[in-house]
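See structure below.
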Amino acid sequence: MIIIPSGKPKIWDKQEEAGPVTASQAYTGNFHRLCRAYAEKFDGDYLILSPKYGFLTPDSLVLGTYDVRFTARGVTTETISLEELMRQWQELAIDEEMIVMLGGKKFAPLLAAITERKQRFSFPLHGTRGIGDMQKRLRTAIDTGEPLGCKSAVSVGSICWNTLFQ
């Protein structure tokens, strides 16, 4: 299982008349597309974490555009609530020892709160020098077929683990 961030650019930025679309079609930014390509290549099973809707499967319906972001403190009055995220997480009933999160460091405390620190996560993009470096690492992993973090981490299946918390 891999969790990827939704991202600000959306299909409605270029196609205002698009109407409701699946989550796999809604988010169009470079970073999101690279995260999605990585997730599809190395796992196939992924969720999109949206600050408006919470956890989305690729087939979940997104009704229209929005401009809401998680902050370093997690949720805000404009985002989905922590309680709703926790409810969604429990409904998903994910039973995996480790889940990869492709995103910045702001997601670590948010995911810890959502899962009440009962789930282990890997953040293979932590320690990068910004979005450009994250995109470069994702592109390299996709192009070479070598998952992120494999040079200095333990490989389990097709995923490598380097930064963990529980």
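What you see is a predicted model, and the numbers here were worked out from it, not measured in a lab. In what follows, every heavy atom counts, from backbone to side chain, and hydrogens, waters and symmetry copies are set aside.
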Measuring from atom [atom1] of [X] to atom [atom2] of [Y], what distance do you get when rounded to the nearest 0.5 angstrom?
X	Y	atom1	atom2	result
Phe42	Glu146	CZ	CD	8.0 Å
Phe123	Phe107	CZ	CZ	9.5 Å
Glu83	Ile114	CD	CD1	11.0 Å
Leu125	Lys105	CG	NZ	13.5 Å
Arg139	Thr144	CZ	OG1	13.5 Å

side-chain hydrogen bond (donor to acceptor under 3.5 Å, both in side chains) evaluation trace for Ser81 with Glu84: CA-CA 5 Å; Ser81 71; Glu84 179 62 16; 5.5 Å; no
For Ile11 and Thr65, what are the C-alpha separation, side-chain angles and deciding distance, and is it a side chain to side chain contact (heavy atoms under 4.5 Å, CB included)? CA-CA 8 Å; Ile11 192 168; Thr65 195; over 6 Å; no
If every non-hydrogen atom of [X] is compared with every non-hydrogen atom of [Y], which pair is closest and at what distance?
X	Y	result
Tyr46	Ser24	OH-CB, 4.2 Å
Ala23	Val62	CA-CG2, 3.9 Å
Leu102	Val100	CD2-CG1, 3.9 Å
Leu138	Cys35	CD1-SG, 3.8 Å
Ser50	Ile80	O-CG2, 4.1 Å
Leu85	Phe55	O-CE1, 3.9 Å

Using 4.0 Å as the upper bound for N to carboxylate O, is an ion pair formed by Arg137 and Asp133? yes
Ion pair present between Asp43 and Lys41, side-chain N to carboxylate O less than 4.0 angstrom? no
Hey, is the main chain of [Y] close enough, under 3.5 Å, to the side chain of [X] for a donor-acceptor pair?
X	Y	result
Glu78	Val68	no
Gln25	Thr22	yes
Arg33	Thr28	yes

Any pair counted as ring-ring contact (aromatic ring centres under 6.0 Å, His included), so long as it reaches residues 4-26, sequence neighbours left out: none
Measure the shortest side-chain to side-chain distance between [X] and [Y] over non-hydrogen atoms and say whether it is less than 4.5 angstrom.
X	Y	answer
Thr71	Thr79	no
His32	Ile48	yes
Ile99	Arg120	no
Leu49	Leu110	yes

If we check side-chain contact (heavy atoms from CB on, under 4.5 Å) with Met134, which of these qualifies: Leu34, Thr128, Leu148? Thr128
Going through the distances and angles, do Met86 and Glu116 end up as a side chain to side chain contact (heavy atoms under 4.5 Å, CB included)? CA-CA 9 Å; Met86 293 172 79; Glu116 300 178 283; 3.6 Å; yes
Parallel, tilted or perpendicular: ring planes of Trp89 versus Phe121, cut at 30 and 60 degrees: tilted
Inspect the surroundings of CG in Asp95 and state if more than 12 heavy atoms from other residues, nucleotides or ligands are less than 6.0 Å away. no
Is the number of heavy atoms from other residues, nucleotides or ligands within 6.0 Å of CD (Glu96) greater than 12? yes
Which is it for Leu56 and Tyr27 under the side chain to side chain contact (heavy atoms under 4.5 Å, CB included) test, yes or no, and what are the steps along the way? CA-CA 12 Å; Leu56 301 169; Tyr27 306 103; 3.6 Å; yes
In a table with atom names and distances, give each donor-acceptor pair under 3.5 Å that connects a side chain of residues 1-10 to protein atoms at least two apart or in another chain.
residue, atom, partner, partner atom, Å
Lys10, NZ, Gly7, O, 3.2
Lys10, NZ, Lys8, O, 2.8
Lys10, NZ, Tyr66, O, 3.1

